[in-house]
Amino acid sequence: MYKKMYYLLFNAMTEAMGRILRMDYTEAYGILAQAQADAEELYLAGEEI
């Protein structure tokens with residue numbers, strides 16, 4: 001579960017950083033907000049990989 005959450009959040013942060021460099025802050029925010037919700041859902045579901 002934690003490994004999957006780590007990769008999800010790491011990939012989202014990497015993608016969001018690219019959007020920030022292009023000054024697309026709204027898209028970066030959306031990416032991070034979705035990743036936060038997805039990680040929370042994984043945690044609450046207790047999903048193992």
Side-chain angles (χ1 to χ4, degrees):
M1 169 179 59
Y2 291 110
K3 189 175 183 180
K4 189 171 186 176
M5 289 169 54
Y6 172 82
Y7 286 122
L8 184 145
L9 293 172
F10 181 86
N11 289 334
M13 286 187 285
T14 302
E15 189 175 339
M17 287 167 40
R19 302 299 168 98
I20 289 168
L21 288 174
R22 288 180 255 146
M23 293 186 227
D24 190 355
Y25 305 116
T26 302
E27 185 67 23
Y29 178 87
I31 291 166
L32 293 173
Q34 185 61 54
Q36 180 184 26
D38 293 346
E40 182 178 16
E41 188 175 316
L42 285 172
Y43 179 76
L44 293 175
E47 182 176 316
E48 295 291 331
I49 77 164

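- L42 and L9 end up in the same hydrophobic cluster when Ile, Leu, Val, Met, Phe, Trp and Tyr side chains are linked at under 4.5 Å.
- Remark: E15 pairs with R19 by the salt bridge (Lys or Arg N to Asp or Glu O under 4.0 Å) rule, at least two apart or across chains.
- Of the inter-residue distances, the one linking T14 atom OG1 with I31 atom CD1 reads 10.5 Å to the nearest 0.5 angstrom.
- Pairing each heavy atom of A16 with each of A28, the nearest pair is O-CB, 3.7 Å.
- Once rounded to the nearest 0.5 Å, the distance linking CG of L8 with CD of Q36 reads 11.0 Å.
- The shortest distance between side-chain heavy atoms of E40 and L44 falls below 4.5 Å.
- Listed by chain and number, the hydrophobic cluster partners of M23 are I20, Y25, where partners are ILVMFWY side chains within reach of under 4.5 Å, directly or through others.
- Through direct or relayed side-chain contacts under 4.5 Å between Ile, Leu, Val, Met, Phe, Trp and Tyr, M17 connects to no other residue.
- Residues meeting the side-chain contact (heavy atoms from CB on, under 4.5 Å) test with Y6, sequence neighbours left out: F10.
- Partners of D38 according to the side-chain hydrogen bond (donor to acceptor under 3.5 Å, both in side chains) rule, which considers only residues two or more places apart in sequence or in another chain, are Q34.
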